[in-house]
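Throughout, residue positions are numbered sequentially from 1 according to the sequence presented. For the numbers below, each heavy atom of this structure counts, side chains included, while hydrogens, waters and symmetry mates do not.
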Amino acid sequence: SHLQGVEESNRKRVVELEGRKDWDGLLKFAEENLAKDANSAAWWTVAGYANSQAGRHEAAVQCYTETVRLAKL
């Protein structure tokens, strides 16, 4: 649900990477999309999730903090 407004092909790619538990691939995909739009709370959430699943908790917190900051705008 956090990817509402995101292209269907991108949502399918997220599901595919998540299904394979490819957390590094998911993070890379999120970062590619953030390079296009650094103000996308949806992609910061995906990056946070990928980092969290990979055990990179400090990086996940930073991503989620950015998600919250953008949600307040």
Side-chain angles (χ1 to χ4, degrees):
S1 68
H2 61 277
L3 291 177
Q4 289 180 341
V6 172
E7 290 181 22
E8 180 68 20
S9 60
N10 285 343
R11 287 195 303 251
K12 286 181 180 182
R13 180 77 174 135
V14 167
V15 169
E16 175 190 324
L17 291 165
E18 181 182 24
R20 292 193 330 238
K21 298 183 191 261
D22 182 358
W23 309 126
D24 291 334
L26 184 57
L27 177 60
K28 181 180 178 191
F29 188 54
E31 289 172 340
E32 289 169 359
N33 282 281
L34 285 167
K36 297 173 192 171
D37 180 8
N39 293 316
S40 172
W43 288 113
W44 281 109
T45 301
V46 172
Y49 175 71
N51 277 315
S52 178
Q53 293 299 310
R56 296 182 290 260
H57 301 294
E58 187 174 323
V61 168
Q62 291 172 349
C63 293
Y64 290 136
T65 299
E66 189 64 12
T67 300
V68 172
R69 184 189 74 76
L70 289 168
K72 290 182 177 183
L73 296 179

Check your understanding: Between the main-chain N or O of A41 and the side-chain N or O of T45, is there a donor-acceptor pair closer than 3.5 Å?
Key -> yes
Revision key, fill the gap. CG of D22 to CD of Q53, rounded to nearest 0.5 Å, is 12.5 Å
Point to revise | Pairwise distance OG(S40) to CG(L34) - rounded to 0.5 angstrom | key: 6.0 Å
Practice item. Determine, for E16 against R20, whether the closest basic-nitrogen to carboxylate-oxygen distance falls under 4.0 angstrom. Key: yes
Study note, to complete from the structure: Between the CG atom in L70 and the NZ atom in K72, the distance rounded to the nearest 0.5 Å is 11.5 Å
Review point. Is any side-chain heavy atom of V14 less than 4.5 Å from a side-chain heavy atom of W43?
Key: yes
Check your understanding: How about N10 and E7: do any of their side-chain heavy atoms sit closer than 4.5 Å?
Key -> yes
**Study point:** Spatial distance of atom CH2 (W23) from atom CG (N51) [nearest 0.5 Å]
**Key:** 11.5 Å
Point to revise | E8: partners by salt bridge (Lys or Arg N to Asp or Glu O under 4.0 Å), with sequence neighbours left out | key: R11
Check your understanding: With a 4.5 Å limit on heavy-atom distance, are the side chains of E18 and Y49 in contact?
Key -> yes
Practice item. Determine, stepwise, if the pair K28 / E31 fulfils salt bridge (charged side-chain N to carboxylate O under 4.0 Å, His left out). Key: CA-CA 5 Å; K28 181 180 178 191; E31 289 172 340; over 6 Å; no
Review point. Measuring from N33:CG to R13:CZ, what's the distance to the nearest 0.5 Å?
Key: 11.0 Å
Check your understanding: Can you check whether R56 reaches L27 side chain to side chain, under 4.5 Å on heavy atoms?
Key -> yes
**Study point:** Shortest non-hydrogen contact from A60 toward G48
**Key:** CB-O, 3.4 Å
